[in-house]
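Data first, discussion second: the structure below is written as structure tokens.
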2 protein chains.
Amino acid sequence: MRSVSHHSIRRSILDRIHSGEWALGDLIPSEASLAEEYGCARTTINRALQALADTGLLVRKRKGGTRVCQMPVRQAKFEIPIIREQVEANGSHYRHQLLAKKVKTPPAAIRTRLSISPETRALYLETIHLADDRPYAFERRWVNMLAIPKVSEAPLESLSVNEWLVKTVPFSSGDVTFSAMNATKKVAKALDTKAETAIFVIDRTTWFQDEFVTTMKLYYMRGYQLYSRL
Amino acid sequence: MRSVSHHSIRRSILDRIHSGEWALGDLIPSEASLAEEYGCARTTINRALQALADTGLLVRKRKGGTRVCQMPVRQAKFEIPIIREQVEANGSHYRHQLLAKKVKTPPAAIRTRLSISPETRALYLETIHLADDRPYAFERRWVNMLAIPKVSEAPLESLSVNEWLVKTVPFSSGDVTFSAMNATKKVAKALDTKAETAIFVIDRTTWFQDEFVTTMKLYYMRGYQLYSRL
DNA sequence: TAGTGGTCTAGACCACTCA
DNA sequence: GAGTGGTCTAGACCACTAT
């Protein structure tokens, strides 16, 4: 390891902010000055500062220089779990069961969300994910058959829809929403719990090349937690 | 803009994965080959590939080369909200009220979590955050007075504890947990809702230079959602 | 207009790890 | 041992923007 790596510089800059040498909102020296101070190339300083800017700690502007962020917004990176791996990571046996599979016209709310026309039909799926044969998560999903025509022939009994989709349309964009809800009777029954139990819900919509692929809601068993380090 | 920037290469590589040229788990060409193919320096290729590896799309190993990730784990970056900003972003008026402020010995669960000794006392705070004078979130917090001695003199009536802490110990590490729970009577009362209502909970513990600073639970009003793009 | 960050290059050496 | 990614350098030009 060289004595001046972009890692060590990153740490050093962090320390200098921690120590109060540069306070919130302060302008810190230019890349050129820092390069001279640390005795390294500007490129190396640039890399360290960019990394810190990525985490939201620094704000950088051409000509304006680099400032310590006034109100550092804390960011957390979560891994959207793949249920099978999550279950197996806990040493449990994973299994899932397809509860429903129908082609029908989605309700208006779903249609709006997916920007599909009123007469378009979509595939509706309900799946229960089991850990050691006990309910782990209940999944309700709509799949756009126009975008993914092959889905109706997929072996959904052996492979979960999610895994099939990951393998088939692996790279896509989308959004996620986390929320809490009281279990409806249907969800409670699927998860083998009482109605009104607080359920952690992940709502996820996926797009591929500007075309809607799928939207789903995952209702997790009671007590589920999503964890991340800051 | 140069014709070959690391951005354009990043996009190009993405496209080639999308198109199926490189499938899940495939080895992609080495940096040197790609540099030749794109007619740019290896550094530029490196930058593009590192960015893709950061998002979890590629897996890179020295000598092993670069592969398309077998099971791309979706990552979502969330901004841990600052309540005041969140409320004001919705065009509402923010206000908060300190409901309790006591120095006492934390329960065992909290002590364990914070690795403090059984006889150590800590500051306990309860705050209600209001949007247009209606409950938005209820906060219960423990603050380590040894780490942050000045907290007992802080003007907590005018500034929320959170804001005071951000200004005072701005940069720290920590962890976050999201979960759902049925409102206890106390929480329900604070949020002016019925007991058993499903509540979205953010549990957050903060450290500064290996010393525990604070741990808190935020109970959000009914219907709260946390959103992120993938 | 001048100063700052953004980026590319060409070359180099190193660290890791697969065979 | 050899091939791959990880990183640093020195220099260059450019894009943006505060003044």
Side-chain angles (χ1 to χ4, degrees), chain A residues 1-17 21-70 72-73 75, chain B residues 1-17 21-70 72-73 75:
Chain A
M1 177 78 105
R2 280 174 186 73
S3 59
V4 221
S5 65
H6 63 97
H7 290 296
S8 64
I9 291 174
R10 191 182 179 286
R11 236 177 296 119
S12 166
I13 301 281
L14 247 178
D15 286 345
R16 294 170 77 170
I17 296 172
E21 180 176 342
W22 299 317
L24 292 181
D26 275 10
L27 195 63
I28 76 172
S30 73
E31 295 191 348
S33 335
L34 288 170
E36 198 178 354
E37 180 185 337
Y38 283 96
C40 66
R42 183 167 77 92
T43 318
T44 307
I45 299 289
N46 180 278
R47 200 160 166 188
L49 295 186
Q50 284 208 353
L52 289 169
D54 278 346
T55 73
L57 222 69
L58 297 177
V59 180
R60 321 193 72 201
K61 259 194 254 178
R62 275 151 156 148
K63 167 77 181 177
T66 302
R67 289 178 180 281
V68 180
C69 185
Q70 274 284 355
V73 176
Q75 295 179 337
Chain B
M1 175 78 103
R2 280 173 186 76
S3 59
V4 222
S5 66
H6 64 98
H7 290 295
S8 64
I9 291 174
R10 191 182 179 287
R11 238 178 293 118
S12 166
I13 301 281
L14 246 178
D15 286 344
R16 293 171 78 169
I17 296 172
E21 179 177 341
W22 300 316
L24 293 181
D26 276 9
L27 196 63
I28 77 172
S30 72
E31 295 190 346
S33 334
L34 288 170
E36 199 178 353
E37 180 185 337
Y38 283 96
C40 67
R42 182 166 78 91
T43 317
T44 308
I45 299 289
N46 179 278
R47 200 161 168 187
L49 295 187
Q50 284 206 354
L52 290 170
D54 278 346
T55 73
L57 224 70
L58 297 178
V59 181
R60 322 193 71 201
K61 257 194 256 180
R62 278 154 154 144
K63 166 77 181 178
T66 302
R67 290 176 180 283
V68 181
C69 186
Q70 272 286 356
V73 176
Q75 295 179 337

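Letters A, B, ... are given to chains in the order of the sequence lines, protein chains preceding strands, and every chain is numbered from 1.
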Can you tell me how far [atom2] of [N] sits from [atom1] of [X], to the nearest Å?
X	N	atom1	atom2	answer
B/Glu31	D/dT4	CD	C1'	8 Å
A/Leu52	C/dG6	CG	P	12 Å
B/Asn46	D/dT9	CG	C1'	15 Å
A/His7	D/dC8	NE2	C1'	12 Å
B/His6	D/dT7	NE2	C1'	16 Å
B/Arg62	D/dG1	CZ	C1'	17 Å
A/Glu36	C/dG3	CD	C1'	16 Å
A/Leu49	C/dT4	CG	C1'	12 Å

- Message: Taking atom types as they are modelled, would you say the side chain of B/Arg42 forms a donor-acceptor pair with the base of D/dT7 within the 3.5 Å cutoff?
- Response: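 Check passes, donor-acceptor contact within cut-off.
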- Query: Are side-chain N/O atoms of B/Ser12 and B/Tyr38 paired as donor and acceptor at under 3.5 Å?
  - Reply: yes
Quick check on [N]: is either OP1 or OP2 less than 4.0 Å from any side-chain nitrogen or oxygen of [X]?
X	N	value
A/Gln50	C/dG6	yes
A/Arg60	C/dG6	yes
B/Thr66	D/dT4	no

- Hey, which of A/Arg60, A/Lys61, A/Gln50 is the one that makes side chain to side chain donor-acceptor pair (under 3.5 Å) with A/Thr66?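 When A/Arg60, A/Lys61, A/Gln50 are each tested with A/Thr66, the side chain to side chain donor-acceptor pair (under 3.5 Å) holds only for A/Arg60.
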- Message: Can you tell me how far apart CG (B/Leu34) and CD1 (B/Ile9) are? Round to the nearest 0.5 Å.
- Response: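 Interatomic distance, B/Leu34 CG to B/Ile9 CD1, rounded to 0.5 Å: 8.5 Å.
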- Around atom CD of A/Glu21, are there more than 12 heavy atoms of other residues, nucleotides or ligands at under 6.0 Å?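 Correct, the count exceeds 12.
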- Task: Would you mind classifying the nucleic acid contact of B/Thr43 as base, sugar-phosphate or nothing, using non-hydrogen atoms under 4.0 angstrom?
- Result: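 Here B/Thr43 touches the bases of the nucleic acid.
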- Query: Is there side-chain contact between B/Cys69 and B/Leu57, with heavy atoms separated by less than 4.5 Å?
  - Reply: no
- Message: On DNA chain D, compare the nucleotides closest to A/Lys61 and B/Gly65; which residue's is nearer the 5' end?
- Response: B/Gly65
